[in-house]
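Down below is the structure, laid out as C-alpha cells.
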Amino acid sequence: MKNEVSIQQADFSLADEVALLERDNEIDGAVVTFIGRVRNKNEGLTVTALTLEHYPGMTEKLLEKIITTAKERWNIGRVKVIHRIGRLEIGEQIVFVGITSQHRQDAFAANEFIMDYLKVKAPFWKKELTENGEKWLAAKSSDSKKAEQWS
Amino acid sequence: MKNEVSIQQADFSLADEVALLERDNEIDGAVVTFIGRVRNKNEGLTVTALTLEHYPGMTEKLLEKIITTAKERWNIGRVKVIHRIGRLEIGEQIVFVGITSQHRQDAFAANEFIMDYLKVKAPFWKKELTENGEKWLAAKSSDSKKAEQWS
Amino acid sequence: MIKIVFFAALREQLGCSELSLDPTNILTINQLKQALIEHQPQWQTFIENNALLSAINHDMVDGEHLIKSGDEIAFFPPVTGG
Amino acid sequence: MIKIVFFAALREQLGCSELSLDPTNILTINQLKQALIEHQPQWQTFIENNALLSAINHDMVDGEHLIKSGDEIAFFPPVTGG
C-alpha cells in the first residue's frame, strides 16, 4: 500500500508516474491511466479556476480502502492515485489513476472503479470560480448511480 | 480522422501524445490512456522479444473504421491510436490508445472498445522469441468473446 | 473533550472550521448536532441539512452512532472530488 | 492480373509473400485457393487451413466473394496484434 496514494498541491508528471508503475515490472503488459483535468465549462457556466479542499487523513484512508477493494476484485499489479488540492487553473491536472495488470480488462475495470468510488466517497470538495462568482459544486446523483453499478 | 492512427517502428512518448490530445482542448475533462507492452512471460514461456508484422493499408483502414464506430457510439473528443511494428524488446511499448471526453465513462468504454476490436480485427501478427525459439502467437478465443460483448 | 471539524460549504456557512466540546451528555451524532445548535442558534439551518455527512475518526457514520471522549467528529457536504 | 499477398505464419509456410496471377477462370476466393494449390501442390495443407482469413482490397471477405481483375487479395492467419 506504500506510496500508492498521494494528496498534493504540486502538479505531477504523467510520464514519471507511468515510468514508476512500469519500472522493474516486466510481467504486466497492460497499463491504463485516467487523468481528470479542470475544464472551462460546467453546467453551462464558464469556469476560470477551481479550488479543491479535502479532509486530511480521512482522504488517504478512504482511497487506500478503495484500492484494497479493487485489488481484491481484479487481478491487478501496481496502482497509483494522485489527487491535487488547492487552486487549479483551466486545463490543469486534478487527478491521476494508474493501474498495471497482466490483463487489460482488469486494468480498465479497476481504474474506472477507483475513479467512480473516489468521486462519491473520498472527502474532496470543489469550489468553482465562474463568470458568476464562486460556487461550491453540488454532488451529482449520476455519480452515485454509477458507483452503485459496481456493487 | 487525420492523424488519429499511426503505424510505426519508432517508439512513442506517452507524455507527448497526451499533450497533443489535451492541447487547445479545454472542454474535455477526462483523458483515458491504454498502453500495451511486451511482457517477459506468455503462456508459461519466457519471452525475450517480439516481432510484429502487419498488412500496410488494411491496418490503417480497419483502425479508422473502429475509431469511427467508437465515435458514433460514445461521446468522445480526441482519439489517437499508435501501433508499433518490427522487433520489440521486453518492456517496450507496443500499442497506445488515448481518448479525451467530457465524460469519463465514455472515455473508458471507447478506449476498451478500440483495444478489444484492434485485437481481433486489425491485421497485426506477433511472433515471439522465447526460450524455445521463435513462435507465431495463436489467436485467443477469449479475445473474440470479449470483442463480441460490445455487439 | 471531542474535536469537531467542518469542511467546504458548511465550514463557510458556519464561519468555523474547528471547535472543541466537552462531550458530557452527548451520546450520539444527532445529539451532538443539537448541542451545536444550542451553542450557535444561527447554525440551525446548516446543521439540520439532511444532505450533511458525518464521520468519526475518519469513518463515515450515521446519526445514531455513539461518540466517546477523544473522538474527532467531522461534518461536511456530499463530496465532489475527482 | 490480380495481386495476391500472404502474411505472418502463412507467408513463412508458403515461402512466398506476394505473387501475381491471371484471374481467367477464377471467380471466387475459394476458386483462387484451388488455383494456388494447383500452382504449388505443397501449399495445400496451408491454403486449406480453415482458420485462414481472406481480404479483397483491404476488406475481409468470405470464400464465395467474387474476384475481379486488378484486385489485391490477401490471405493470413487470425490476427494477434495489440
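- No other option in A/Gly36, A/Ala138, A/Ser144, A/Gly57 has as many heavy-atom pairs under 4.5 Å with chain C as A/Gly57.
- Residue contact with chain C, scored on non-hydrogen atoms closer than 4.5 Å, involves the side chain of A/Lys61 exclusively.
- The interface of residues 7-43 of chain C with chain A, defined by heavy-atom distances below 4.5 Å, comprises C/Phe7, C/Ala8, C/Ala9, C/Arg11, C/Glu12.
- For residues 81-106 of chain A, a heavy-atom distance under 4.5 Å to chain C picks out A/His83, A/Ile94, A/Val95, given by residue number.
- The two atoms that bring A/Met58 and C/Ala55 nearest to each other are SD-CB, 3.7 Å, heavy atoms only.
- Of the listed residues (A/Lys119, A/Lys127, A/Met115, A/His54), the one with the most heavy-atom contacts under 4.5 Å to chain C is A/Lys119.
- Contacts between A/Trp136 and chain C at a heavy-atom distance below 4.5 Å involve the side chain alone, from C-beta outward.
- More than 12 heavy atoms of other residues, nucleotides or ligands shown are found within 6.0 angstrom of NZ on A/Lys135.
- For chain C, no part of A/Lys140 is nearby; none of its heavy atoms comes within less than 4.5 Å.
- Atom CE of C/Met60 is separated from atom NZ of A/Lys121 by 7.0 Å, given to the nearest 0.5 angstrom.
- The contact list for residues 74-82 of chain C toward chain A, using heavy atoms and a distance under 4.5 Å, reads C/Ala74, C/Phe76, C/Pro77, C/Pro78, C/Val79, C/Thr80, C/Gly81, C/Gly82 by residue number.
- At a heavy-atom cut-off of under 4.5 Å, chain A is reached by C/Glu72 from residues 61-72 of chain C, listed in order of number.
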